[in-house]
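Only one structure is covered here, and it is reproduced in the block below.
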2 protein chains.
Amino acid sequence: MKPRSYACGLDAAIDVIGGRWKALILWALHHGPMRTGELRRSVSGISEKMLIQVLREMEADEIVHREVFHEVPPRVEYSLTSLGVRLNEALLPLGDWGEENMRAIARRRGVEPAPRH
Amino acid sequence: MKPRSYACGLDAAIDVIGGRWKALILWALHHGPMRTGELRRSVSGISEKMLIQVLREMEADEIVHREVFHEVPPRVEYSLTSLGVRLNEALLPLGDWGEENMRAIARRRGVEPAPRH
DNA sequence: CAGGATCCTTACCAAAAGGTGAGTACCTGA
DNA sequence: TCAGGTACTCACCTTTTGGTAAGGATCCTG
């Protein structure tokens, strides 16, 4: 449901990172450039279709850079743009908050908490 | 689409603040406790039904405190819990990021940028 | 009585997000 | 030919989120 007008910066940012998979993909790319298959294996539970769909959206939002290498088998590499890097930095406090309150959040929603790391 | 298991803190946090209205409501409550009608007027575009629905979810997540005053006309006040206050703090950098990149985000999505403030 | 204030719930529907399965392309090796 | 590798697209469907409209409750005032 697209707002006609953003109310504030946070409203816009949530639009960019919202959905089930984007934050996880952003985080996976934090470690460095990755290929489609690597991302697929790294982000548990995502289908190839959803992965590619979401990566295309993130590319359109200019937080992810997609680089095609003309070789066989096909090789496409995704990496964070500088905008994406700054976004990831801005997400750190939120990730910390989630980590601190993981067990309570998970319990209330009937979800397994994340393994510790 | 509820994940079976959270992958990390950020995954859990996004689950708590995701959707069209939660971030805006969180922000509105940042200024202090508010009644239903005040919130309705403050969050542009939200219907009464959605407002109440989302407030109930946030209450269940324990980021919002709902206090019923037994008077007429009915008076119900919503305020941030300490958990909610910490969440709002964690959202500040993300809001800043969104503010800095507002025009580009809005342009790409065909949305009006937020008025400056 | 009607209308006002406040807050909330229900029925039903629309829109968006996400998912499965099948197919496509390139190539190599058995 | 088949199987394997890589990355991607389309058709169709399911699930989730959000929306409209109508109704309900309390009391007070004209």
Side-chain angles (χ1 to χ4, degrees), chain A residues 1-7 11 14-25 28-29 33-61 64-79 109-111, chain B residues 1-7 11 14-25 28-29 33-61 64-79 109-111:
Chain A
M1 180 56 63
K2 187 182 298 188
R4 300 283 181 79
S5 160
Y6 289 133
D11 196 9
I14 297 284
D15 219 7
V16 171
I17 63 161
R20 181 165 181 199
W21 301 113
K22 284 180 184 165
L24 296 179
I25 290 168
L29 288 174
M34 293 173 90
R35 300 174 61 180
T36 314
E38 283 183 279
L39 275 165
R40 173 102 196 261
R41 289 185 290 274
S42 182
V43 181
S44 281
I46 194 168
S47 67
E48 208 164 324
K49 182 254 189 188
M50 285 311 303
L51 176 61
I52 288 159
Q53 176 178 315
V54 173
L55 282 168
R56 287 305 183 112
E57 287 169 26
M58 293 166 93
E59 186 192 5
D61 279 328
V64 160
H65 171 63
R66 177 172 176 272
E67 184 154 15
V68 182
F69 298 82
H70 293 285
E71 51 186 82
V72 169
R75 179 178 170 196
V76 178
E77 207 169 77
Y78 296 88
S79 54
R109 289 166 175 264
V111 179
Chain B
M1 180 55 68
K2 186 183 299 187
R4 299 283 182 80
S5 160
Y6 289 132
D11 196 10
I14 296 284
D15 218 9
V16 171
I17 63 161
R20 183 168 179 195
W21 302 113
K22 283 180 185 166
L24 296 179
I25 291 169
L29 288 173
M34 293 174 88
R35 301 173 63 178
T36 313
E38 284 181 280
L39 275 165
R40 173 101 195 263
R41 290 184 291 274
S42 181
V43 182
S44 282
I46 194 167
S47 66
E48 208 166 318
K49 181 255 189 187
M50 286 310 304
L51 176 60
I52 288 159
Q53 176 177 315
V54 173
L55 281 168
R56 289 305 185 110
E57 287 169 25
M58 294 166 92
E59 187 193 2
D61 278 329
V64 160
H65 172 63
R66 178 173 175 271
E67 185 154 12
V68 182
F69 297 81
H70 293 285
E71 51 186 83
V72 169
R75 179 177 169 197
V76 178
E77 208 171 76
Y78 295 89
S79 55
R109 288 166 177 267
V111 179

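The structure displayed is predicted, hence computed values, not measured ones. Naming convention: chains lettered A, B, ... in sequence-line order (proteins, then strands); numbering from 1 in each chain.
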Side chain of A:Glu48 (C-beta onward), nearest among C:dG18, C:dC7, D:dC8: D:dC8
Of residues 33-46 of chain A, the positions that come close to DNA chain C - non-hydrogen atoms, cut-off under 4.0 Å: none
Spacing between A:Asp15 atom CG and D:dT17 atom P, to the nearest angstrom: 16 Å
Rounded distance in Å - CZ (B:Phe69) to P (C:dC8): 12 Å
Bending between helix ends of the helix from C:dC1-D:dG30 to C:dA30-D:dT1 [5 pairs per end, 10° resolution]: 40°
Between D:dT17 (P) and A:Arg20 (CZ): distance, integer Å: 11 Å
Atom-pair distance (CD1 on A:Ile52; P on C:dT20), nearest Å: 14 Å
Touch class at under 4.0 angstrom, heavy-atom based, for A:Tyr78 against every strand present: sugar-phosphate
Residue-level proximity of residues 53-60 of chain A to DNA chain D when a heavy atom falls under 4.0 Å: A:Arg56
Nucleic acid footprint by protein, nucleotides 23-30 of chain C - heavy-atom cut-off 4.0 Å, B for base, S for sugar-phosphate alone: ---BS---
Side chain to side chain donor-acceptor pair (under 3.5 Å) involving A:Gln53 - partner list, sequence neighbours excluded: A:Lys49
Spacing of B:Met50 atom CE relative to C:dA16 atom P, expressed in whole Å: 14 Å
Under-4.0 Å salt bridge between B:Glu77 and B:Arg75: yes
Is there any protein nitrogen or oxygen under 3.5 Å from a nitrogen or oxygen in nucleotides 21-23 of chain D, and what are the pairs?
none

Under 4.0 angstrom between B:Arg66 side-chain N/O and C:dC7 OP1 or OP2: no
Euclidean distance, atom CZ of residue A:Arg75 to atom C1' of D:dG5 [Å, nearest integer]: 14 Å
